[in-house]
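Notes follow the structure.
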There are 2 protein chains.
Amino acid sequence: MIDNKVSQETSQPIAYNPHVSIDCVVFGFDGEKLKILLIERTIREGDGNYSDKKLPGSIIYQDEDLDTAATRVLNELTGLKNIFLHQFHSFGDPKRTSNPRDKNWLEKTTNTKIGRIVTVGYLALIKISRKIIFESENTTARWYDVKSLSNMKLAFDHNQIAEEALKHIRHQVMLQPYMLFELLPRKFTMTQLRNLYDLILETKSDVRNFQKKMLQIDGLEQLDEVQKNVPYRAPRLYRFNKRKAKISKLKPGF
Amino acid sequence: MIDNKVSQETSQPIAYNPHVSIDCVVFGFDGEKLKILLIERTIREGDGNYSDKKLPGSIIYQDEDLDTAATRVLNELTGLKNIFLHQFHSFGDPKRTSNPRDKNWLEKTTNTKIGRIVTVGYLALIKISRKIIFESENTTARWYDVKSLSNMKLAFDHNQIAEEALKHIRHQVMLQPYMLFELLPRKFTMTQLRNLYDLILETKSDVRNFQKKMLQIDGLEQLDEVQKNVPYRAPRLYRFNKRKAKISKLKPGF
DNA sequence: CCAAAAGTGTTATCGATACACCCATGT
DNA sequence: ACATGGGTGTATCGATAACACTTTTGG
C-alpha cells in the first residue's frame, strides 16, 4: 500500500488526509422515462438563497464499509432495504470540491473543516412503484428525467458522476439484461421491458426478435395473467424469477 | 497541512477520516506465463524478520488525482511513463488494515498513526520486455507467476484485490482484445497473441479461427517481417497500430 | 366499427465453429 | 531427412435481422 520512500518525502504529503464519501446515482423507470433521484440543496448566500441539486450521498462513517455506507444512505432516504447497488467508479480529483459554494455547504452541513473528498460512485436501481419516503429529516428528494440532466448544473462533479453511471448501466444492459428487471415492477409486459431496453440503449428493437431473445433468459416467466384496465387488447404479464435465473455467460466478441 | 485530529472519540462519525491510497495490480507477459509485479515487504518482529509481498501502491498525496497517484507509483517503481492504467474497483472494508502486522508496518513506514485506509484498485499492464528499474531506492519488486498467487499470503487484502483485477482483465479481454496488445512486445507473432489470449481466458482457441477474428481488428497490421533465430519456420510479425484502431462496438447479447 | 396496441413465423444473411494438410526452417 | 511449429480454406451450424398481417379490447 505504501512504498517505503513515500515516508521519506520531505513535504510529508502522507499526513494529508482526505475524507471519503459515497454518492449514489439512483435510477428509476416510470413507464415512460428514465429517472434519476436528486436531492434539493439550499445554500444561504448573503441576502438570498441559492438552490440546486445533488446526488444522494454521505461521508462514510467510522467502521463502515463502502457498500454499507451506500446501503445506509439509500435506506435513510427511501426507507427501503434490498436496493440493487453496484459500485462503478471512484472520483478523486482534488478540485472536485473546490467550488466555494460547495465548500461552504459542506462545512455548514458537516460542522467540519473539509479539505478534500474522494468519493466512490454507486449505481442504484429502484422500482419506482415502491412507495418511498422522500422527506427524510430535512432532505427533499425528487425524480428527474435523466434527459434533463444536461441542462442542470448539479453540485460538485455530480454531473460527471451521473454521466459515468449512465455509461455503466448502458454497458451492463447491453451485455446482460438483468438490471432491467430491477427497474420494472414485479409483473411487467414485454412492451414495457422493450421500451426500457430501448430507452437505455437508445435503440429501436424489433418486437418479434426482442421477444424471442428475452424468452431465452432463464428465470423470465410468462404468467397466466394480463394487464387490466387498458383501453385495448390486454397484454400478457411476465415476471423475472431471480431464483431460477442462471447468469448466462458473456459471449466473446470484438 | 490539514488538521484532522478533530476527534475520533466524539460520537460524530463524520469527523472520522480515513486515508486514501491506490494499489496497482501490474500484469506482464513473458511469453509463457502471466506475471504480477509484487513488492518485497520486510517487517521487523521481536527477534527476527518477517517477509512477505504486497502490491505496489501509495497513499495519495495532497492535490493529487487518483489516476495521477497510480501513474506516480508506477513511474517511481519502473521508471516508465505511459503505462496502461485502468481503475477497476475500490476497497473500503474497515478491517482491511487491521492485521497487527499490517498496522505495525504502516506506522513504521509512514510515521503516521493510521486508522483506516480506503484504497482504489488500478489495473496496470506492462510490456515485460521494457527494461525496468526494479530497485528504486529501498523497494525490491519482482515478477511472480499469477498462478502462484493462491499459495501466497499477500499483505492487507491484496490477494482479494489481485483476484478482482484478474476478473476485470478477463472480462475486458473477453469483450475486446485491446488490452492484450499492452502486454505483448511491439512486434509479436500471432501465436504469442493467441497464447496470451488463451492464458488469460483459460480457453484453447482454434488457430485458424483465431487468426481470422484478429485480422478483422482495425489497427492490427501484418508486417513484412519475420521473427529471427527460431529453429523452425520463422513466424510472421504483427503490430498493433493504435492510431488506426477504431474501438469496435460491443455486441449485445445475453 | 373504429382505434390502438398485442401477438405471432419464416426467410435470408452473417458470424462462429469444426476440422487437416502442406510448408519453411534449422539441425 | 527429420523435427518443429507456421500457414492456410471450406463446409456446417446456429444466431441475428428483416419483415406484415391478424387478433383483441374498449369506446
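Basis for what follows: all heavy atoms, side chains included, without hydrogens, waters or symmetry-related copies. Sequence lines set the chain letters: A, B, ... in the order given, protein chains first and strands last, and positions in each chain run from 1.
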Quiz item: Of Val226(B) and Pro252(B), whose closest DNA chain D nucleotide lies nearer the 5' terminus?
Solution: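 This one resolves to Val226(B).
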
Just the rounded figure in Å: distance from [atom2] of [N] to [atom1] of [X].
| X | N | atom1 | atom2 | answer |
| --- | --- | --- | --- | --- |
| Asn229(A) | dG26(D) | CG | P | 9 Å |
| Leu237(B) | dA24(C) | CG | C1' | 15 Å |
| Phe210(A) | dT8(C) | CZ | P | 15 Å |
| Gln222(B) | dT8(D) | CD | C1' | 12 Å |
| Asp206(A) | dA12(C) | CG | P | 17 Å |
| Gln227(B) | dT25(C) | CD | C1' | 13 Å |
| Lys204(A) | dA17(D) | NZ | C1' | 17 Å |
| Leu215(B) | dG9(D) | CG | P | 12 Å |

Practice problem: Please report the closest heavy-atom contact between Leu74(A) and Cys24(A), naming both atoms and the distance. | Solution: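 Heavy-atom minimum between the residues: CG-SG, 4.0 Å.
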
Self-check item: Note: Asp52(A)-Arg41(A) ion pair, threshold 4.0 Å (strictly below)
Solution: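 A salt bridge links Asp52(A) with Arg41(A).
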
Exercise. In plain terms, say whether Glu76(B) and Arg72(B) are close enough for a salt bridge, that is, a side-chain N and a carboxylate O under 4.0 Å apart.
Key: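 Salt bridge present between Glu76(B) and Arg72(B).
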
Self-check item: Side chain of Lys212(A) (C-beta onward), nearest among dA17(D), dG9(D), dT8(C)
Solution: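 Selected nucleotide: dA17(D).
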
Exercise. Looking only at side-chain atoms of Tyr232(B), point me to the closest of dT25(C), dT17(C), dG7(D).
Key: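 Within the option list, the nearest is dT25(C).
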
Exercise. Tell me, yes or no, whether the heavy-atom count around Lys153(B) atom NZ, taken from other residues, nucleotides or ligands under 6.0 Å, exceeds 12.
Key: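 Above 12, so yes.
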
Quiz prompt | Short side-chain N/O contact to dG27(D) OP1/OP2 from Arg233(A), under 4.0 Å | solution =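 No, outside the criterion.
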
Quiz prompt | dA6(C) OP1/OP2 closer than 4.0 Å to side-chain N/O of Thr191(A) | solution =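 Yes, such a contact exists.
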
Quiz item: Roughly how far apart are Leu154(B) CG and Gln160(B) CD, rounded to 0.5 Å?
Solution: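 Nearest 0.5 Å value for the CG-CD distance: 11.5 Å.
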
Quiz item: Start at the 5' end of DNA chain C and walk down; is the nucleotide closest to Asn209(B) or to Gln211(A) reached first?
Solution: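 Its nearest nucleotide lies further toward 5', so the answer is Gln211(A).
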
